[in-house]
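Worksheet: one structure, shown below.
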Amino acid sequence: MTITRTDLAELAVFAAVARHRSFSRAALELGVSASALSHSLKGLESRLGIRLLNRSTRAVVPTDAGERLLTQLLPTLGQLEEALEELT
């Protein structure tokens, strides 16, 4: 599977929402609206064919698959951030 810019952006959105367990807090961090994050996440889940987050009016919790993805994704995103920081 080739990773596109959209994939990277949506994975970063997923990581932020899953870490904060909140669309509104993740939206503040990323500087976009909570509805934009929700739309992005729905697209990612649709393309992957798997639900990554369980959402209710009171909570956002990663599914088992979402938790597994987050565990692998966070170190990778951290490495990307470090690589970009080294350039500057």
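- Placement of F14 and L8 in two distinct hydrophobic clusters is found when ILVMFWY residues are connected by side-chain heavy-atom separations under 4.5 Å, directly or transitively.
- Between L74 and R19 the shortest heavy-atom distance is CD2-CD, 3.7 Å.
- Heavy atoms only, all atoms of each residue included: A34 and A27 are closest at N-CB, 3.6 Å.
- The side chain to side chain contact (heavy atoms under 4.5 Å, CB included) test with R55 singles out one residue from V61, L41, V17, and that residue is L41.
- Going from atom CD of E45 over to atom OG of S40 covers 10.0 Å, rounded to the nearest 0.5 Å.
- In terms of heavy-atom proximity, T2 sits nearest to D7 at O-OD2, 3.6 Å.
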Side chains of residues 75-83: which donor-acceptor pairs under 3.5 Å do they make with residues two or more places apart or in other chains?
from : atom 1 : to  : atom 2 : distance (Å)
T76  : OG1    : Q72 : O      : 3.2

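- There is no path of hydrophobic side-chain contacts, each under 4.5 Å, that joins L28 to V60.
- Of all heavy-atom pairs spanning L70 and A15, the tightest one is CD1-CA, 3.8 Å.
- Residue L87 belongs to a hydrophobic cluster whose other members are L84, with links defined by side-chain heavy atoms closer than 4.5 Å.
- A heavy-atom distance below 4.5 Å is found between the side chains of L30 and L37.
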Open item on the list: Using side-chain contact (heavy atoms from CB on, under 4.5 Å), reason through V13 and L44 one step at a time and then give a plain yes or no.
Closed with: CA-CA 10 Å; V13 164; L44 177 63; over 6 Å; no
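- Take R51 and apply the salt bridge (charged side-chain N to carboxylate O under 4.0 Å, His left out) test, not counting sequence neighbours, and it matches no residue.
- Here the side chain of E67 pairs no donor or acceptor atom with the backbone of P62 at under 3.5 angstrom.
- Between R25 and S22 the shortest heavy-atom distance is N-OG, 3.1 Å.
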